Number of protein chains: 2
Amino acid sequence: MSIARLARHLGLSEGTISRALNNYPDIAKKTRERVQKAARDLGYRPSSSARRLARGVIETIGFVLPTCRTQHSDPFLAEILNGLASELARHDWDLLVSAVPEGQDEIEVIDRLVSSGKVGGFVIARTYRQDARVDYLRQSGVPFVVQGRTDDPSDYSWLDIDNEQAFVDAVTYLRGLGHRKIACLGGDPKMNFAWQRRCGYLRAMAQQGGHIGVGYLIDGITDAVSAKNATAHLLSISKSDRPTALLCVTDAVAIGAMQALNGAGLTVGRDMSVMGFDGLPIGLAVQPALTTLHQDSYEIGREAGRMVLELCTSSATSPSPSPRQTLWQAKLTPRASVNPPGTSPAQQNQGG
Amino acid sequence: MSIARLARHLGLSEGTISRALNNYPDIAKKTRERVQKAARDLGYRPSSSARRLARGVIETIGFVLPTCRTQHSDPFLAEILNGLASELARHDWDLLVSAVPEGQDEIEVIDRLVSSGKVGGFVIARTYRQDARVDYLRQSGVPFVVQGRTDDPSDYSWLDIDNEQAFVDAVTYLRGLGHRKIACLGGDPKMNFAWQRRCGYLRAMAQQGGHIGVGYLIDGITDAVSAKNATAHLLSISKSDRPTALLCVTDAVAIGAMQALNGAGLTVGRDMSVMGFDGLPIGLAVQPALTTLHQDSYEIGREAGRMVLELCTSSATSPSPSPRQTLWQAKLTPRASVNPPGTSPAQQNQGG
DNA sequence: TACGCTACCGAAAGCGCTTTCGGAAGTCAA
DNA sequence: TTGACTTCCGAAAGCGCTTTCGGTAGCGTA
């Protein structure tokens, strides 16, 4: 079904059809309604390629999937994409998702999408402290929004969780319960979210006079398995120096840690408190339920969508609109895996 | 950068540029190389809208995200999309990912993508036994591949794991270890993967003369939390009738079950064996490591991509190509959460 | 020299839409 | 009845490509 067919069918010109469907004011009300009804009845919808070509717009946002093929699948990805795509759909924009095939690099992929006019804007996630994608996009002039930040986040648009503050809050919370010996399982320090959390831990411990024992801060823990091993290692510390609380860079890491503690015959939430970050659903099911810092990935995706849309529409008029930067707070969610040190079972936190 | 500019720049006509870049044989080798070099140097790439309009092709596959917004994020989604997008990228096709905004239904979304010519084929996942999307696509004439199957999978293309056989294998495996009282935590019976696994359990138990005690089969367990509750309920069965092994519809469910068992003071892999399905990374970290049936989501995504590409290219010639159906076997992966009933710790499976 | 043949390139139509422009009909006041 | 004004629609150009067709230049052959 093309506009030509519809025009012939109604005895009108193509231009009139187009203007009627696009609500131009110079079309008689009766005509407009007749056209719109016919279009509905015949299931006509303008070809998006033709429309975009004629109007010179793109109306598509690109998203490049993180390349962690074999790795632990990003548990948020589904929700972020859902939020992002939902928001875009509200304005009839599309989301083009691209992978990085083996042997190519991410910049090539982005560049191809941009220069072939397939996407008019970008959202990127899993941001590194130094991120080649951000560098590329910054100089390319393409509107983009970063979920996360780089080390130098001044002159582009991003949306991030306040990871540092969240870990400060976490330390404060633990200290408020009486914990003094707090260890930290940190992630890949090249990823900025992990780095920021690490910074928050260090800052809060320094400011609040906490004791960072030897081996209390372990970097490079990216999944549950490495967390399990690291925790087992942590337990080799003599009992008097052993931490009473364990702050983990993600829920997955926290769960790995919990398993190691269980395996060593310790009871999480009594012999050692464990705290995660993310708010994964599984945190509610583990024993005990995991205290965590919650972030809403769906809403993050939506907000990223809003931001990139705003950027694209405003960059259509002004050449380089001022960056829009948003910082959200994670929500500390107390459950049963954190309790005051030396808590007996009867006193335990019953949250969950 | 447009083809017109490039043409003027080189003193050639647009047609010549186009044919040179598309390797037409009637272009002098010298000219072709000159054009290709200039295109590379100037970063020219044809506008995909214009190209698609002119060629009358679409070269984009649609994927509609499962609508489980609040729900447990699909852990495979990232990998499936990665596999799918990688395979499509190899042939310069795109992946358009769409969400279903609130208040709309999935069919509308699909229909819009198809009739506006945004996508030329579809991949759908999370298939129900009766699935409106499949019904719609079947009558629409759009090439599509289903990851999973409906109840009546005869006349369309799909790619599925042999869920029923996998659970038959699981039961056989458990019986081989000496288990006779095997319970099953089944998922949502409207989802076909859950239904098929349930069928496999029932069939194997019947054929092998296993005892399905009262309350051994529990449906509707879709996440770790409901699994935890269901398992607690299972433990109310008197010890003599209590199952010795627990077959779970997914790894997430298995992990929830393990937590409940731990919480009740039982040792998984000794007092009760637990088996999952999926091969989630976290299954390696839980204590004990989770015996599971593994499926490779990345490869599933890739194969779906191959299939839908084949379908699209062949449906360009013949009107309705014969469906392509693929059934893969899940890989039984023994780890420590399953052992013969009544195993003492020293004899336990050390897998992992 | 004339012929046919190949190699190569330009011209032009067309893909399905949008949008500007101009003009025909209708409306109203003088 | 005329003129100015509005209302509404058709004509046509153009978006950036692809692809067919036709024609010219250069070649070899007779």
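Proteins come first, then strands; the chains are lettered A, B, ... in the order of their sequence lines, and each starts at number 1. Not measured: the values here are computed from a predicted model.
- If you measure from atom CD1 of B/I27 to atom P of C/dT6, you get 18 Å, rounded to the nearest angstrom.
- An angle of 50°, rounded to 10°, separates the two end axes of the helix from C/dT1-D/dA30 to C/dA30-D/dT1, each defined over five pairs.
- Between B/T150 and the choices B/Y156, B/Y128, B/W158, the side chain to side chain contact (heavy atoms under 4.5 Å, CB included) rule is met once, by B/Y156.
- At a threshold of 4.5 Å between non-hydrogen side-chain atoms, the residues A/I300 and A/I161 count as touching.
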(request) Determine, stepwise, if the pair A/R112 / B/D92 fulfils salt bridge (Lys or Arg N to Asp or Glu O under 4.0 Å). (result) CA-CA 10 Å; A/R112 202 141 36 106; B/D92 261 307; 3.4 Å; yes

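- In summary, B/E303 and B/R324 engage in a salt bridge, as defined by a charged side-chain N under 4.0 Å from a carboxylate O.
- Closest non-hydrogen pair, A/R302 versus A/G83, comes out as CG-O, 3.4 Å.
- Not one N or O on the side chain of B/R5 forms a donor-acceptor pair closer than 3.5 Å with the backbone of B/M1.
- Checked by atom type and distance alone, the side chain of A/R52 pairs as donor or acceptor with a backbone atom of A/I58 at under 3.5 Å.
- In this structure, A/D188 does not pair ionically with A/K190, as no charged nitrogen and carboxylate oxygen lie closer than 4.0 Å.
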(request) Go along nucleotides 10-18 of chain D 5' to 3' and tag each nucleotide: B for a protein heavy atom under 4.0 Å from its base, S when only backbone or sugar atoms are that close, - otherwise. (result) B---BBBBB

